[in-house]
Amino acid sequence: MATLDVVSEVTGTVWKIEAQVGQELGPDDTVLVIESMKMEIPIVAPQEGIVREILVQEADMIHEGAPVARLEV
């Protein structure tokens, strides 16, 4: 199977990780939530897949376009 990186759409701080390794996600299921400019922005799975790796931790500062998780699709 192929892998797909889930990337952040904004620069901010990882506020809450909602997905777990091994969890099956559907398209638009929330992987984690970023806090940016006092707003909570969900980062969602672009397509169906299984979470194989979470690449960040809560409170990490991340930049737009940075990979935050890896899915097996």
Verify the cluster assignment for [X] and [Y]: are they in a single hydrophobic cluster under the rule of side-chain heavy atoms below 4.5 Å apart?
X: Val44; Y: Val7; value: no
X: Val6; Y: Ile41; value: yes
X: Ile43; Y: Leu4; value: yes

Run the side chain to side chain donor-acceptor pair (under 3.5 Å) test against Glu40 and tell me which residues pass, sequence neighbours left out.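 Listed in chain order: nothing, the list is empty.
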
Acceptor/donor pairs from residues 19-35 side chains to any protein atom, 3.5 angstrom cut, sequence neighbours excluded:
| residue | atom | partner | partner atom | Å |
| --- | --- | --- | --- | --- |
| Gln23 | OE1 | Gln20 | N | 2.9 |
| Asp29 | OD2 | Gly26 | N | 2.6 |
| Glu35 | OE2 | Lys38 | N | 2.7 |

Kindly give the cluster partners of Met37, where membership spreads through any ILVMFWY side chain lying under 4.5 Å from a current member. none

With side chain to side chain donor-acceptor pair (under 3.5 Å) as the rule and sequence neighbours excluded, what pairs involving residues 9-18 come up?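 Passing the test, one end in residues 9-18: no pairs.
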
Do any side-chain atoms of residues 60-73 form donor-acceptor pairs under 3.5 angstrom with protein atoms, and if so which ones, sequence neighbours left out?
| residue | atom | partner | partner atom | Å |
| --- | --- | --- | --- | --- |
| Asp60 | OD2 | Gln57 | N | 2.8 |
| Arg70 | NE | Asp5 | OD1 | 2.7 |
| Arg70 | NH1 | Glu53 | OE1 | 3.0 |
| Arg70 | NH2 | Asp5 | OD1 | 3.2 |
| Glu72 | OE1 | Arg52 | NE | 3.0 |

Evaluate whether atom CD of Gln47 has more than 12 neighbouring non-hydrogen atoms of other residues, nucleotides or ligands under 6.0 angstrom away.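 Atom CD in Gln47 is crowded, with more than 12 foreign heavy atoms closer than 6.0 Å.
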
